[in-house]
Peer 1: 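Handing you a structure now.
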Amino acid sequence: MQKNGQIWYDDSGKPIQAHGGMILEHEGTWYWYGENKGQSNTPGLTRVDVIGISVYSSKDLVNWHDEGLALSAADQLPGSLVKPENVCERPKVLYNAKTSTFVMWFHLDTPDYVYAGVGVAVSDTPIGPFKIIHEKQPNRQDSRDMTLFVDEDASAYLVHSSNWNKTLNIAELTGDYTDVTGFYQSVLIDQEREAPALIYEDGMYYMVTSGCTGWAYNSALYARSEFLLGKWKLIDNPCEGERYRETYGGQCTYMFRVKEQIYIMFDHWIPDNLQNSGYSILPVTIRDGSLTIRWKEEFEGIGVN
């Protein structure tokens, strides 16, 4: 078992460094991708120099094996923005069955967060190494916190905070998942939401987001829509129980499904010591159009929660 809200450890006893990430299942193995923050903060700042994107593997979502860096800042070509002094956040990976390729997208930025773009990288294997093929602003729009979503028909979308975090864009991806098509829809306009996590259940799309309060705790909100590219309606705080107004001291990063059960991942950021930031995986309940998240002290793995 892993303790929610605390540091999680891999099968060698070392802290897992996979922040702002996601979990992908492929051929019976789960892969956890996230920001490697395995060194001390830059003195006086709430940041760690970019190391790269870590990947861990597991058969039960509890016991994780460190597979190394799926994407390393040290290995990038001159001219790439993926370098220690910049920003490389919130990696998400999809598997494209048509091309047999793993595709990674991540928030790519300068230290002042003015560039506000994405990096796109590909690999033939889930553990990499991933090779960067694009560094850009999608659809010429600023892009900060982001996620990826695959719909029921296998079409994929980039969901990202835009307009200086005032609005979310849902941008259609090409069939190989490596680029945007040029079509996008702005949703939750002027609502100032970030850290989106999406799921589809019983004919409805659901999205959990965080408020834009920097490192400070805030109330998560969920929205729903009958159509992914339709009108999204903010509903309420999905969290229930102690510290629900603070989202249990965490920030959402991704939702995924294990058979019939939906789970949501959270980061528990420690701004002054980011390498010691913790994680939670909590069960999600969707019933009669309502989404709820309840706190659990431990995550016990597949088939237990």
Peer 1: Within the 4.5 Å heavy-atom criterion, are Gln191 and Leu221 side-chain neighbours or not?
Peer 2: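 No - every pair of side-chain heavy atoms lies 4.5 Å or more apart.
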
Peer 1: Between the main-chain N or O of Ile16 and the side-chain N or O of Trp64, is there a donor-acceptor pair closer than 3.5 Å?
Peer 2: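 The answer is no, because no donor-acceptor pair under 3.5 Å joins these two groups.
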
Peer 1: Does Arg245 have more than 12 heavy atoms from other residues, nucleotides or ligands lying within 6.0 Å of its CZ?
Peer 2: no

Peer 1: Write out all pairs satisfying salt bridge (Lys or Arg N to Asp or Glu O under 4.0 Å) with one or both partners inside residues 192-217, taking only residues at least two apart or from two chains.
Peer 2: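 Every pair satisfying salt bridge (Lys or Arg N to Asp or Glu O under 4.0 Å) with a residue in residues 192-217: Glu201-Arg257.
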
Peer 1: Does NZ or CZ of Arg144 lie under 6.0 Å from the centre of the six-membered ring of Trp164, at an angle within 45° of the ring axis?
Peer 2: yes

Peer 1: Are side-chain N/O atoms of Thr178 and His134 paired as donor and acceptor at under 3.5 Å?
Peer 2: no

Peer 1: Parallel, tilted or perpendicular: which fits the ring planes of Phe130 and Tyr33, with parallel below 30° and perpendicular above 60°?
Peer 2: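 Correct class here is perpendicular.
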
Peer 1: Is the closest side-chain heavy-atom distance between Pro91 and Met22 below 4.5 Å?
Peer 2: no

Peer 1: Mind checking the NZ-CG spacing from Lys296 to Asn4? Nearest 0.5 Å is all I need.
Peer 2: 9.0 Å

Peer 1: So how far is it from Phe106 CZ to Met146 CE, rounded to the nearest 0.5 Å?
Peer 2: 9.5 Å

Peer 1: Which heavy atom of Ala121 sits nearest a heavy atom of Leu71, and at what distance?
Peer 2: CB-CD1, 4.4 Å

Peer 1: Answer yes when Asp142 and Arg140 have at least one side-chain N-carboxylate O distance shorter than 4.0 Å, and no when they do not.
Peer 2: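 Salt bridge absent between Asp142 and Arg140.
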
Peer 1: For the atom pair CD (Gln39) and CD1 (Ile51), what is the distance rounded to the nearest 0.5 Å?
Peer 2: 4.0 Å

Peer 1: His107 vs Tyr113 aromatic rings, parallel, tilted or perpendicular, using cut-offs 30° and 60°?
Peer 2: tilted

Peer 1: Check Asn139 against Ala171 and note the closest heavy-atom contact, atom names and distance.
Peer 2: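 Heavy-atom minimum between the residues: ND2-CB, 3.5 Å.
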
Peer 1: Give a yes or no on this: more than 12 heavy atoms of other residues, nucleotides or ligands lie within 6.0 Å of atom CG of Asp153.
Peer 2: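 Yes, CG of Asp153 has more than 12 neighbouring heavy atoms, counting only those of other groups under 6.0 Å.
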
Peer 1: List the steps and the verdict of side chain to side chain contact (heavy atoms under 4.5 Å, CB included) for Ile170 and Trp232.
Peer 2: CA-CA 11 Å; Ile170 302 178; Trp232 286 79; 3.7 Å; yes

Peer 1: Val284 pairs by side-chain contact (heavy atoms from CB on, under 4.5 Å) with which of Ile199, Ile262, Val208?
Peer 2: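 The option that passes is Ile262.
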
Peer 1: Provide the closest heavy-atom pair for Pro271 versus Asn41 in the form atom of the first, atom of the second, distance.
Peer 2: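 Shortest heavy-atom contact: O-ND2, 2.7 Å.
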
Peer 1: Take Lys131 and Ser123, measure what side-chain hydrogen bond (donor to acceptor under 3.5 Å, both in side chains) needs, and give me the verdict at the end.
Peer 2: CA-CA 6 Å; Lys131 179 182 179 181; Ser123 173; over 6 Å; no

Peer 1: I need the single residue from Phe299, Trp8, Phe266 that forms a side-chain contact (heavy atoms from CB on, under 4.5 Å) with Tyr279. Which is it?
Peer 2: Trp8

Peer 1: So Asn86 and Tyr115, do their side chains get closer than 4.5 Å, heavy atoms only?
Peer 2: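 Result no, sub-4.5 Å side-chain heavy-atom pair not found.
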
Peer 1: State plainly whether one hydrophobic cluster holds both Ile127 and Val122, where clusters connect Ile, Leu, Val, Met, Phe, Trp and Tyr through side-chain heavy atoms under 4.5 angstrom apart.
Peer 2: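 No: no chain of side-chain contacts under 4.5 Å links Ile127 to Val122.
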
Peer 1: Which heavy-atom pair separates Ser143 from Val118 by the least distance, and what is that distance?
Peer 2: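 So the two residues come closest at OG-CG1, 3.5 Å.
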
Peer 1: Check the orientation of Tyr205 and Tyr200. Use parallel for under 30°, tilted for 30 to 60°, and perpendicular for over 60°.
Peer 2: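 The rings of Tyr205 and Tyr200 sit tilted, inter-plane angle from 30° to 60°.
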
Peer 1: Show your reasoning for whether side-chain hydrogen bond (donor to acceptor under 3.5 Å, both in side chains) applies to Ser80 and Glu135.
Peer 2: CA-CA 8 Å; Ser80 171; Glu135 295 180 6; 2.6 Å; yes

